[in-house]
Amino acid sequence: MSKPSVLGVMLGAPLTAGGAHYGATEGPAGFVAALVGAVLLTAGVLGYRRVLVLRRRLRSLMPAAQRSPVAHLPSARRAATLAAYVNGVLVLLGLGGAGWLLYMGASWGAYDNSFGFAALVMGALLPLALGLAAASTVPELLRVVPAGARMGQALYGVFVCVASLMIAKGDGLLPRLVGAVIAVLALGAIALLGRCFRVMGGAAPRPGSGSPGAGQPGFGQPGPGQPGFGQPAPAPGFGPPTSPPGAPHGPARYGPPAPPAPRAGRGGLVLVLVLVLVAVLGGGGLYAVKEAGLLDGDDSTTTDVAESPQAPAYGVGGERRARWATRAPAPEGTAPEYLVGGDEDVVVHVTGTLVTGYDVATGKKLWDVEDRSGDFRTCAVSPTAVGHVVAVLMRRGDQGPCGFLVAVDVRRGKQLWSKGILGEGSGGGMGTATVRVTADSVVSGTQTAPVVLDARSGDVRWTGADQPDEDGEARSLRGLEVAGNSLVASYGDGLGGSTALRRFDLRSGRVTARPSPPKAPETPTPKDVLSVLSVEPLVVSLGDDTNADRFYFSRVGDAWKPLRTDAVEGVSARSGPQEGMVTDGLFVKAFTTDDRSLDVGFDTVVAAFDLESGALRWQHALHRDAGQVVLLPGTVGGAVRAVASDHDTGDQLYAFPLEDGGPVRGGRLTVDASLSGAPSGFNDLTGAVVQGERLVVRSQVDGTLVAFPFPSKA
């Protein structure tokens, strides 16, 4: 009967837990599995109750399961108390192990899926059962019942088995040492409990041991002057005590009377019906509430959206309601797409073969500039705009190199010029295609050198000289950045391990400096790319373009300081969609991290690094489900402002004081469903730009541009 009971519990517990989880998160079919599991669990528990009754009847015939006949002796009581303490350690280990498993299940992702949750419940049930079994022996030991020590020995034997597996199968020295320590402690506890068992009178004394109970006073025998002294001692072993002279014939009662035989009553059937009713009504009700949408919205998320008191000081206070919304979907099969700030009155959306200007005040489409031949597509590099000119880097076809520049006047919506910057037969453009616009120049690059053009006419002002490597071959241009009258370009030889930096005078094209490139802490690979993020101060990144793990460095004098991005907290921290921004001696960047406590599981950590020392100045985990952050350019009140999204609560403004005053939650961005062109959902964003007194956000849902009031000053 014990085997069916154990199988019922072992199968019923995970099936009930996993089925209920599946029913609440996926569909009602899970509640059917939970119902089957509940029946198995109930049958196992009822069967175990019958086993307990039979076990109690059997134990009633075993003297070790009764109160010891020497319980009145101080030595026996001390041994029982010591055994109770030793078994109490088992209780703490069992309950602590179950709690630790339930706590760690969040970081393991066990709560995210039904199978993981079922396995977690089953795993936690085992140490919980061990702890409860040990707890049941403590009252027995306090009554000086020797069987409690035997039970403790059996339970510590479980630890010996686990420790043996760790020693035999441990991966490395540390697991084997831990297993050895556990084995030594468990064997010591087993030996100690065995001694306590003997002192409590649970075993015959060893011949010649000289211990109490071997014919000496103090172990079940009266001493001189005590009643019964001089009478023959009872025979070693167990059994009822000898009747004193003059007592009635027949064995005396030893222990309590045997409990009655178990009876199959109606209580088990009633219990099964109650569990079934609770599973059906509770699970069905939860699923109905979820389907009705009552669990959606602000009340179903742990995301804190309360506005911080300091929000108005940084210009992010108050709820922002959308002023206009307009659909700006990307043509099918065209990618990528970008939102660009140009003239204060125009916001530019670039996608595929189309460049579109929208009025910042009203959202009205002002113009389209499109390559009607269909030969050119936008490169995977963000266009930039300064004043009235926006420059777009394009490629011929889907696989061609990024070697065609187009400049557009955003006021009139007219193409100013188009220019091919790659020669015929050129193998490709720069490794990380880049285009920058200054007050009067457009800057991009060929495969081996930067190119500077006049912003109004498109005439080439200069093309940089090739930079040879150790073998005399021209290095490949990887990327560039512009600030003031300086242009810094990064190079690589395409084979890994050899990079270079050059600083050019933007007006003449003369090389003004050759700073040594930083060295990655790991061996570079052929795909490692050196990218320039800032010119003054000089900040670069180095890493595999196909891997989110990159190394960041700042130039301090003639030395490079690695930025401590490894100190960013979170599981699998990796670069977010933005490379970051440099302001007031800090490098501020958003990192994407795994967070199993959130429903979707992805969060954002915004961190700032000191450019002088490379140390992590501060970091803030936003605890927003699948949160994305777009940092807005510039600072207000000594803080970087940003737009953060959330899977459940939508978009919200944030401010991050550079002096580490803690993240400041601002007003939420809300869209009235009655607004013309409003997106069907507003909980994600692919870009944000500040134009005049407007914040324009592109929602990923329906590809919609939405504008909110956003003063440039606090």
Side-chain angles (χ1 to χ4, degrees), residues 107 303-304 308 310-311 314 316 481 518 520-522 531-534 537-544 547-556 560-598 600-646 651-666 685 687-688:
S107 61
T303 302
D304 191 353
S308 303
Q310 310 94 321
Y314 301 106
V316 295
E481 190 57 68
E522 299 177 1
S531 301
V532 185
L533 308 181
S534 171
L538 184 55
V539 179
V540 301
S541 68
L542 180 63
D544 190 342
N547 192 329
D549 297 328
R550 298 183 63 82
F551 304 102
Y552 297 84
F553 304 86
S554 64
R555 186 81 170 179
V556 180
W560 290 100
K561 290 290 184 180
L563 305 185
R564 289 292 313 279
T565 54
D566 59 312
V568 176
E569 295 179 357
V571 182
S572 301
R574 52 197 178 275
S575 295
Q578 283 185 307
E579 272 291 9
M581 59 185 299
V582 175
T583 179
D584 294 350
L586 296 178
F587 176 63
V588 183
K589 180 171 174 55
F591 294 84
T592 299
T593 62
D594 294 336
D595 190 340
R596 296 297 183 184
S597 65
L598 299 173
V600 178
F602 297 100
D603 188 23
T604 296
V605 175
V606 179
F609 304 88
D610 188 283
L611 295 180
E612 288 289 332
S613 64
L616 177 66
R617 178 75 67 84
W618 50 259
Q619 61 177 319
H620 302 299
L622 301 191
H623 303 296
R624 299 178 70 89
D625 213 347
Q628 296 181 12
V629 170
V630 176
L631 301 175
L632 302 177
T635 60
V636 173
V640 173
R641 300 190 293 183
V643 182
S645 67
D646 185 273
D651 295 350
Q652 186 170 6
L653 296 174
Y654 266 80
F656 300 96
L658 299 180
E659 295 301 322
D660 189 18
V664 177
R665 289 185 299 273
L685 58 98

Parallel, tilted or perpendicular, as decided by the 30° and 60° cut-offs, for the rings of Trp560 and Phe553: perpendicular
Can any side-chain N or O of Arg624 pair as donor or acceptor with the backbone N or O of Ser645 at less than 3.5 Å? yes
Would you check if Val643 and Leu653 make a side-chain contact, meaning some heavy-atom pair closer than 4.5 Å? yes
Closest approach of Pro663 and Ser308, non-hydrogen atoms and distance? O-OG, 4.2 Å
Of all heavy-atom pairs linking Ala639 and Ala655, the shortest is CB-CB, 4.3 Å
Atom CG in Asp651, atom CD in Gln628: separation rounded to 0.5 Å? 9.0 Å
Side chains of Pro657 and Gln310, heavy atoms from C-beta outward: is any pair under 4.5 Å? no
If you measure from OG on Ser534 to CE on Met581, what distance do you get to the nearest 0.5 Å? 10.5 Å
Over all heavy atoms of both residues, which pair between Val539 and Leu611 is shortest? Give the atoms and the distance, please. CG2-CD2, 4.0 Å
Would Tyr654 and Arg641 satisfy side chain to side chain contact (heavy atoms under 4.5 Å, CB included), going step by step from the backbone distance to the final call? CA-CA 6 Å; Tyr654 266 80; Arg641 300 190 293 183; over 6 Å; no
Is a side-chain N or O of Trp618 found less than 3.5 angstrom from the main chain of Leu658, in a donor-acceptor match? yes
So Leu632 and Val640, side chain to side chain contact (heavy atoms under 4.5 Å, CB included) or not? Walk me through it. CA-CA 7 Å; Leu632 302 177; Val640 173; over 6 Å; no
I want to know whether Phe609 and Tyr552 have ring centres closer than 6.0 Å. no
Identify the heavy atoms of Val588 and Ala608 that sit nearest to each other, and give their distance. CG2-CB, 4.1 Å
Rounded to the nearest 0.5 Å, how far apart are CG of Asp646 and NE2 of His623? 12.5 Å
Could you please spell out the steps behind the side chain to side chain contact (heavy atoms under 4.5 Å, CB included) verdict for Asp566 and Leu616? CA-CA 9 Å; Asp566 59 312; Leu616 177 66; over 6 Å; no
Could you pull out the closest heavy-atom pair between Pro518 and Leu542, with the gap in Å? O-CD2, 4.0 Å
Do any N or O atoms from the side chain of Glu569 and from the backbone of Gln619 form a donor-acceptor pair under 3.5 angstrom? no
So NZ of Lys589 and OG1 of Thr565: to nearest 0.5 Å the spacing works out to 9.5 Å
Determine the minimum heavy-atom distance between Gly614 and Lys561, stating which atoms define it. N-CB, 4.5 Å
